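Keep in mind the model is a prediction, meaning the values are calculated, not measured. Both ligands and their constituent atoms are indexed starting at 1 by order of listing.
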Amino acid sequence: MSMNNQISTVAVCGAGTMGAGIAQVAAGKGFKTILYDLQDAVIEKAADKIRQQLQKLVDKGKISSDQQAQTLSNLSFTTDISSCKAEVIIEAIVENVAVKVELFSKLAAINDPGTILCSNTSSLPIKEIAAGLPQPERVVGMHFFNPAPVMKLVEVVSAEQTATEVAEKIYGLAKQFGKTPVHVKDSPGFIVNRVARHYYLEAMQVAGQGVADIASIDRLMVSLGFKMGPFELMDLIGNDVNLAVSQSLYDAFGKAERFKPGALQVEKVAAGELGRKTGKGFYDYQNR
Ligand code: NAI
């Protein structure tokens, strides 16, 4: 397989919680970065968020105003999929296999055969996302953590069909992004979302059984040394995204009781209380 070794342009699809952060990271490291979403309003919100984040970094002395200007000039925003042409494309859209497959087939049709398609999925099989594409060997997981500009870990997920050189190239790109990549085999929840699932699920059991209220559980876990308690972390992740991940692990492990989605997260999603992104989740963020 011939491969262009130089990556200069990265496209990020989905400008929500993760996509905006990933685009900020890529542009900040000197890559021409295209950020794509379906609606202008989402794109504008993401552009504002990135501008605010960069300004905060300048105010704190973490980047210079030249770096801020350079990062902004590396970014372009679009709602037109035909602009998503790049050597590497990272999707961070809704956690749904069918929607991701549809996006990747559209991207494969307009890009060079050498383009690498990365999924930021938290839990869906990379093998299924790649199935049916003309070049499934060029599909790989590139799983960032929230908030993407801050968290160092990136899981580079290889499915059976992923070419070794593709995984290596994305491992290298993660390093260029200033991250700490780890190779992982395609398996439900990869490492972090499988091991950490019980942090959320058991906490919901404790709260649901009235053993303690959510604020007490969060406070206690933080006092033990966890950076965030399970409920504030679920609000940061997004309750819809977190529920989709719970459901996907539950299904993948043959409906094993230990991965059963929590009643509390199901209720939050049904009520549209998705967390920070909607202003309300387990906590209220509107007046904060
Ligand atoms: P989000 O709900 O904040 O954003 C998703 C964005 O994708 C929305 O702006 C939506 O308009 C857009 N979108 C949906 N369908 C699209 C399509 N067909 N084409 C283009 N854009 C489309 O979701 P979030 O939290 O950013 O998650 C995105 C992905 O990243 C999911 O696969 C999730 O599992 C994964 N992830 C999420 C983390 C988190 O903490 N929220 C952490 C790591 C991975």
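Note on Val241 and Tyr283: same hydrophobic cluster, where clusters join Ile, Leu, Val, Met, Phe, Trp and Tyr whose side-chain heavy atoms are under 4.5 Å apart, directly or indirectly.
If you look at ligand 1, the protein residues with a non-hydrogen atom under 4.0 Å away are Gly14, Gly16, Thr17, Met18, Tyr36, Asp37, Leu38, Val42, Ala92, Ile93, Val94, Glu95, Val99, Lys100, Asn120, Thr121, Ser122, His143, Phe144, Asn146, Ile237, Val241, Lys277.
Side-chain atoms of Ile50 and Phe77, non-hydrogen and from C-beta on, do get closer than 4.5 Å to each other.
In this structure, the ring of Phe226 has its center less than 6.0 angstrom from the ring center of Tyr199.
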Return a table of donor-acceptor pairs under 3.5 angstrom between the side chains of residues 259-268 and protein atoms on other chains or two or more places apart.
{"from": "Gln265", "atom 1": "OE1", "to": "Ser246", "atom 2": "OG", "distance (Å)": "2.9"}
{"from": "Gln265", "atom 1": "OE1", "to": "Gly262", "atom 2": "N", "distance (Å)": "3.0"}
{"from": "Lys268", "atom 1": "NZ", "to": "Glu273", "atom 2": "OE1", "distance (Å)": "2.9"}
{"from": "Lys268", "atom 1": "NZ", "to": "Gly281", "atom 2": "O", "distance (Å)": "3.3"}

Donor-acceptor contacts under 3.5 Å from residues 145-156 side chains, at least two apart:
{"from": "Asn146", "atom 1": "ND2", "to": "Leu236", "atom 2": "O", "distance (Å)": "3.1"}
{"from": "Lys152", "atom 1": "NZ", "to": "Gly178", "atom 2": "O", "distance (Å)": "3.2"}
{"from": "Glu155", "atom 1": "OE1", "to": "His143", "atom 2": "ND1", "distance (Å)": "2.8"}
{"from": "Glu155", "atom 1": "OE2", "to": "Ile191", "atom 2": "N", "distance (Å)": "3.1"}
{"from": "Glu155", "atom 1": "OE2", "to": "Val192", "atom 2": "N", "distance (Å)": "3.0"}

Exercise answer: donor-acceptor pairs, residues 13-33 side-chain atoms, under 3.5 Å, sequence neighbours excluded:
{"from": "Lys32", "atom 1": "NZ", "to": "Asn74", "atom 2": "OD1", "distance (Å)": "3.2"}
{"from": "Thr33", "atom 1": "OG1", "to": "Ala27", "atom 2": "N", "distance (Å)": "3.3"}
{"from": "Thr33", "atom 1": "OG1", "to": "Phe31", "atom 2": "O", "distance (Å)": "2.8"}

